[in-house]
Student: 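Please read through the structure below; I'll follow up with questions.
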Amino acid sequence: MLTEKDYCDKDLSATLIEMGFRGFGLFYYGKDSSKLKTTHQSLTARTTKALNLTLAVSLYEAQKFLREEKKIHIEIDLLMSKWYPTIVSYNRLKLVELKGCESYEEALSEGIKEAVKILKEK
C-alpha cells in the first residue's frame with residue numbers, strides 16, 4: 001500500500017500540476033495543510049483545484065509525466081547502501097547527478113524536484 005513517502009510534497013505536486021500534469025487519485029493536501037489526506041472517491045487535478053485543494057501526485061506518476069511529457073528521466077542507482085538520482089535528457093545526456101539518499105523514495109523525490117527546477121529554468 002502506498003504511504004506518504006510515495007507522494008510528492010504539496011509544493012512539488014502543485015508545481016507539477018501547473019506544468020500540465022493531469023492525473024487523479026485518492027490523496028490530496030488541504031488548503032492550509034501540508035499533511036496528506038485521503039478520500040474514498042477519486043479526485044482529479046481539476047476537481048481539487050475547484051475545491052481549493054491540491055492533488056497529491058505519486059512519485060511514480062510524477063516520474064512517468066516527466067519522462068513521457070517533458071522528455072526528461074530520473075534514474076536511481078544503488079551504490080554502497082545509498083540511492084543516487086541522476087537526471088537524464090531524452091538524448092541520454094546526463095544533466096545532473098545528485099547526492100546520495102537513504103531511501104529509493106527520497107532519491108526519486110529529490111530527482112523529481114531537480115528535474116522540475118531544470119525545466120523551469122528553460
Side-chain angles (χ1 to χ4, degrees):
M1 180 171 169
L2 297 177
T3 63
E4 193 164 344
K5 69 179 182 175
D6 298 303
Y7 287 86
C8 298
D9 62 32
K10 183 178 182 178
D11 292 335
L12 185 55
S13 291
T15 302
L16 288 163
I17 291 166
E18 287 174 14
M19 294 175 71
F21 175 83
R22 297 289 175 255
F24 59 92
L26 298 174
F27 293 91
Y28 66 94
Y29 294 101
K31 177 182 172 185
D32 298 323
S33 172
S34 60
K35 185 169 170 47
L36 194 65
K37 298 178 182 182
T38 188
T39 181
H40 295 291
Q41 68 182 41
S42 188
L43 298 170
T44 65
R46 188 174 173 184
T47 304
T48 52
K49 183 177 181 180
L51 295 170
N52 207 16
L53 305 171
T54 303
L55 180 68
V57 179
S58 73
L59 295 175
Y60 168 79
E61 290 293 334
Q63 183 184 31
K64 183 178 178 182
F65 168 73
L66 291 170
R67 182 179 65 247
E68 292 181 355
E69 302 296 325
K70 301 298 182 180
K71 307 299 183 216
I72 194 167
H73 181 63
I74 298 108
E75 295 178 352
I76 310 296
D77 294 310
L78 178 62
L79 181 62
M80 302 201 23
S81 75
K82 292 277 188 177
W83 296 94
Y84 292 87
T86 302
I87 315 301
V88 181
S89 68
Y90 71 95
N91 59 1
R92 302 295 302 158
L93 176 65
K94 278 189 182 179
L95 300 177
V96 178
E97 291 185 50
L98 300 170
K99 65 180 172 74
C101 299
E102 295 300 317
S103 72
Y104 180 90
E105 293 80 9
E106 180 187 355
L108 184 53
S109 180
E110 291 302 314
I112 292 167
K113 288 176 186 175
E114 188 64 29
V116 165
K117 182 177 162 187
I118 290 168
L119 290 169
K120 286 178 99 176
E121 290 174 356
K122 284 185 175 182

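Here the structure is a predicted model, which is why all the values come from computation and not from measurement.
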Student: Evaluate the side-chain proximity of K82 to K99: yes if any heavy-atom separation is below 4.5 Å, no if none is.
Tutor: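 Counting from C-beta outward, K99 and K82 never come under 4.5 Å.
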Student: With a 4.5 Å heavy-atom cut-off, do C8 and L59 have their side chains touching?
Tutor: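 C8 reaches L59 side chain to side chain.
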Student: Same cluster or not: are Y60 and W83 linked, directly or through other Ile, Leu, Val, Met, Phe, Trp or Tyr residues, by side-chain heavy atoms under 4.5 angstrom apart?
Tutor: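 The answer is no; the residues belong to distinct hydrophobic clusters.
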Student: Find the distance between CD (E4) and CZ (F27) and round it off to the nearest 0.5 Å.
Tutor: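 Rounded to the nearest 0.5 Å, the CD-CZ separation comes out at 9.5 Å.
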Student: Between S33 (side chain only) and G30 (backbone N and O only), is there a donor and an acceptor less than 3.5 Å apart?
Tutor: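 Side chain of S33 to backbone of G30, a donor-acceptor pair under 3.5 Å: no, none is there.
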Student: Could you tell me whether a side-chain N or O of E106 sits under 3.5 Å from a main-chain N or O of E102, the two making a donor and an acceptor?
Tutor: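 Side chain of E106 to backbone of E102, a donor-acceptor pair under 3.5 Å: yes, one is there.
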Student: Decide yes or no for D9 and K113: does some side-chain heavy atom of the first lie under 4.5 Å from some side-chain heavy atom of the second?
Tutor: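 D9 reaches K113 side chain to side chain.
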Student: Quick one: are L36 and Y7 in side-chain contact, heavy atoms under 4.5 Å?
Tutor: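 Yes. Closest side-chain heavy atoms under 4.5 Å.
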Student: Here's a test for you: under side chain to side chain contact (heavy atoms under 4.5 Å, CB included), which of T15, I87, L66 qualifies with L119?
Tutor: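 Filter result, single survivor: L66.
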Student: When hydrophobic residues are tied together by side-chain contacts of less than 4.5 Å, even through go-betweens, does Y104 share a cluster with L98?
Tutor: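 Yes, one cluster joins them.
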Student: For a 4.5 angstrom cut-off between non-hydrogen side-chain atoms, does L26 reach L43?
Tutor: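 Not in contact.
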Student: Can you tell me how far the CD1 atom of I17 sits from the CG atom of L55, to the nearest 0.5 Å?
Tutor: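 One gets 5.0 Å once the value is rounded to the nearest 0.5 Å.
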Student: Decide yes or no for T86 and I74: does some side-chain heavy atom of the first lie under 4.5 Å from some side-chain heavy atom of the second?
Tutor: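 Contact flag for T86/I74 side chains = no.
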Student: From K5 NZ over to S103 OG, what is the distance, rounded to the nearest 0.5 angstrom?
Tutor: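 So the NZ of K5 and the OG of S103 are separated by 6.5 Å.
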Student: Is a donor on one side and an acceptor on the other found under 3.5 Å between the side chain of K71 and the backbone of E68?
Tutor: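 Yes, the answer is positive, given that a donor and an acceptor are paired below the 3.5 Å cut-off.
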Student: Quick one: are F65 and L16 in side-chain contact, heavy atoms under 4.5 Å?
Tutor: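 Sidechains of L16 and F65: in contact.
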Student: Please determine whether side-chain contact (heavy atoms from CB on, under 4.5 Å) holds for the pair Q63 and L108, giving the CA-CA distance in whole Å, both sets of side-chain angles, and the decisive distance to 0.1 Å.
Tutor: CA-CA 8 Å; Q63 183 184 31; L108 184 53; 3.9 Å; yes
Student: Rounded to the nearest 0.5 Å, what separates atom OH in Y28 from atom OG1 in T38?
Tutor: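 Here the rounded value is 8.0 Å.
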Student: Just wondering, are more than 12 heavy atoms of other shown residues or ligands nearer than 6.0 Å to CD in E121?
Tutor: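 Atom CD in E121 is packed in, count exceeds 12.
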Student: Under 4.5 Å between side-chain heavy atoms, counting indirect links through other Ile/Leu/Val/Met/Phe/Trp/Tyr residues: same cluster for Y84 and M80 or not?
Tutor: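 Same cluster.
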Student: Of all the heavy-atom pairs spanning S34 and K10, show the shortest one and how long it is.
Tutor: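 So the minimum-distance heavy-atom pair works out to CA-CD, 4.3 Å.
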Student: Counting N and O atoms only, with roles assigned by atom type, does the side chain of T54 sit under 3.5 Å from a partner on the main chain of Y29, one being a donor and the other an acceptor?
Tutor: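 Judged by distance alone, no pair lies under 3.5 Å.
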Student: Distance check, rounded to the nearest 0.5 Å: K31 atom NZ versus N52 atom CG?
Tutor: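 CG of N52 is found 5.5 Å from NZ of K31.
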Student: Ignoring hydrogens and angles, tell me if any N or O in the side chain of S13 forms a donor-acceptor pair with the backbone of V57 under 3.5 Å.
Tutor: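 Confirmed, S13 side chain pairs with V57 backbone.
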Student: Rounded to the nearest 0.5 Å, what's the gap from CD on E61 to CZ on F21? Could you check?
Tutor: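 Rounded to the nearest 0.5 Å, the CD-CZ separation comes to 5.0 Å.
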